[in-house]
Amino acid sequence: QLIDGPVTRIDIQYNGEVSTMQVKPVTNAILKGLFNRTIDEINMVNAPFIAKERGVEVLESTSSEVHEYTSTVQVQIISENETRKVTGSIFGKGDSRIVQFDESHMEAVLSKNMLVLKNMDVPGVIGNLGNILGKNNLNIAGFHLGREGESNKAIAIINIDSPPTTETLRELRDTSHILNVDSVTL
């Protein structure tokens with residue numbers, strides 16, 4: 001949902017405790033999720049075959065090395081136009097979180113409806129965002145922000161109670177200092 005252009009390669013890195021487990025079902029679920037919006041009959045059994053059929057190279061790697069979290073799964077998707085990376089971890093008893101999105105670190109809770117927003121890291125952006133969502137009757141259930149290293153850019157993952165309209169997305173994209181907005185539905 002967040003990659004521009006045809007996907008050519010997917011790198012999946014399992015780190016920490018998860019690396020000792022059977023990871024193939026997780027890889028298949030990732031592939032199913034990737035193709036879910038474009039292929040109606042996709043499932044965890046045929047997802048690897050569809051990836052191969054479409055010329056998508058799938059690379060899995062495991063490492064027992066532990067960084068900030070006891071287990072992480074990092075998915076890097078490479079298309080003809082760009083590369084995107086997301087890293088997830090499990091907190092407590094099944095509390096899944098995004099702990100890195102591209103180069104931004106955060107601890108974002110997953111939900112059915114989310115906005116992924118890239119913006120200039122300047123005062124007023126979050127206030128403007130809240131005003132637009134409120135005006136369009138979208139309730140913010142969670143807000144998670146991360147900076148891109150030392151740059152002047154930030155990424156926000158915003159949990160919302162319902163999907164945004166096309167008009168709301170257009171209004172957000174037209175707002176000063178907001179560079180990009182995508183709607184994600186799980």
Side-chain angles (χ1 to χ4, degrees), residues 1-4 7 10-19 23 26-27 29-30 33-34 36-37 61-63 65-79 81-134 136 138-164 168-169 172-173 175-186:
Q1 296 180 39
L2 298 173
I3 193 88
D4 181 36
V7 174
I10 303 167
D11 296 336
I12 305 170
Q13 169 81 39
Y14 297 93
N15 291 314
E17 291 177 5
V18 70
S19 69
V23 298
V26 178
T27 296
I30 291 167
L34 178 69
N36 207 24
R37 291 179 73 104
S61 58
T62 59
S63 170
E65 190 175 324
V66 175
H67 299 283
E68 294 89 18
Y69 306 96
T70 56
S71 286
T72 59
V73 177
Q74 182 179 86
V75 179
Q76 181 170 278
I77 300 176
I78 299 147
S79 77
N81 301 333
E82 66 180 335
T83 298
R84 301 300 300 264
K85 176 172 59 177
V86 65
T87 304
S89 189
I90 303 290
F91 286 53
K93 296 185 181 209
D95 184 13
S96 304
R97 305 234 181 143
I98 295 171
V99 297
Q100 184 177 1
F101 192 92
D102 290 332
E103 300 308 316
S104 298
H105 294 271
M106 62 185 68
E107 291 182 2
V109 176
L110 298 173
S111 66
K112 180 177 181 176
N113 299 296
M114 297 180 286
L115 294 174
V116 177
L117 179 128
K118 187 172 187 174
N119 61 278
M120 299 303 295
D121 193 16
V122 297
V125 174
I126 295 172
N128 289 336
L129 168 76
N131 286 332
I132 292 167
L133 294 180
N136 287 282
L138 283 170
N139 187 52
I140 298 173
F143 194 97
H144 316 281
L145 190 63
R147 283 187 172 155
E148 284 188 356
E150 297 296 317
S151 79
N152 60 348
K153 294 181 182 144
I155 291 184
I157 297 179
I158 304 135
N159 309 100
I160 50 179
D161 289 341
S162 56
T168 302
L169 290 172
L172 288 168
R173 289 179 182 127
T175 301
S176 179
H177 303 296
I178 292 179
L179 304 173
N180 190 37
V181 180
D182 289 294
S183 176
V184 176
T185 303
L186 298 180

Q | Close side-chain approach of Val125 and Met120, heavy atoms under 4.5 Å | A | no

Q.
Return the OG to CZ distance between Ser89 and Arg97, rounded to the nearest 0.5 Å.
A. 9.5 Å

Q: Could you tell me the separation between the CZ atom of Arg84 and the CD1 atom of Ile78, rounded to the nearest 0.5 Å?
A: 13.0 Å

**Q.** For the student: nearest non-hydrogen atoms of Met114 and Ser111, plus distance
**A.** CG-OG, 3.3 Å

Q | Distance-only side-chain donor-acceptor flag, Ser61 / Gln13, under 3.5 Å | A | yes

**Q.** Under 3.5 Å side-chain donor-acceptor pair for Tyr69 and Glu107
**A.** yes

Q: May I ask you to decide if Lys85's main-chain N or O and Asp102's side chain share a donor-acceptor pair within less than 3.5 Å?
A: yes

**Q.** Where Pro164 and Leu115 come nearest, the two heavy atoms and their spacing
**A.** CG-CD2, 3.7 Å

Q | Spacing of CD1 belonging to Ile158 relative to CG belonging to Leu129, to within rounding of 0.5 Å | A | 4.5 Å

Q: Output the distance between atom CD1 (Ile155) and atom CD (Glu148), rounded to the nearest 0.5 Å.
A: 4.5 Å

Q) Heavy-atom distance under 4.5 Å between the side chains of Leu138 and Ser162, does that happen here? A) yes

Q: Starting at NE2 of His177, measure out to CG of Asp121 and round the result to the nearest 0.5 Å.
A: 11.0 Å

Q: State, with a plain yes or no, whether a side-chain heavy atom of Leu34 is found less than 4.5 Å away from one of Val75.
A: no

Q. Given the rule in the side-chain contact (heavy atoms from CB on, under 4.5 Å) test, do Val122 and Asn152 qualify, once you have shown the distances and angles that lead to the verdict?
A. CA-CA 8 Å; Val122 297; Asn152 60 348; over 6 Å; no

**Q.** Pairwise side-chain contact, Phe91 with Val99, heavy-atom cut-off 4.5 Å (strictly under)
**A.** yes

Q | Min side-chain heavy-atom separation Val181-Arg173 under 4.5 Å | A | yes

Q | Main-chain N/O of Asp4 paired with Ser79 side-chain donor or acceptor, under 3.5 Å | A | yes

Q: Go through the steps for Ile157 and Met106 under the test side-chain contact (heavy atoms from CB on, under 4.5 Å), then give the verdict.
A: CA-CA 9 Å; Ile157 297 179; Met106 62 185 68; 3.6 Å; yes

Q: Verify the neighbour count for atom NZ of Lys153: are there more than 12 heavy atoms of other residues, nucleotides or ligands below 6.0 Å?
A: no

Q: Evaluate the criterion side-chain contact (heavy atoms from CB on, under 4.5 Å) for residue pair Ile90 and Val18; output intermediate values, then yes/no.
A: CA-CA 10 Å; Ile90 303 290; Val18 70; over 6 Å; no

Q: Would you check, one step at a time, whether the test side-chain contact (heavy atoms from CB on, under 4.5 Å) holds for Leu133 with Leu172?
A: CA-CA 9 Å; Leu133 294 180; Leu172 288 168; 4.1 Å; yes

Q | Rounded distance (nearest 0.5 Å) linking atom CG of Asn15 with atom OG1 of Thr72 | A | 4.0 Å

Q. With no hydrogens and no angle check, is any side-chain donor or acceptor of Asn159 less than 3.5 Å from a backbone partner on Val109?
A. yes

(Q) Can you confirm whether Arg147 is buried at CZ, in the sense that more than 12 heavy atoms of other residues, nucleotides or ligands lie under 6.0 Å from that atom? (A) no

Q. Backbone N or O of Ser19 within a donor-acceptor pair of the Glu17 side chain at under 3.5 Å?
A. no

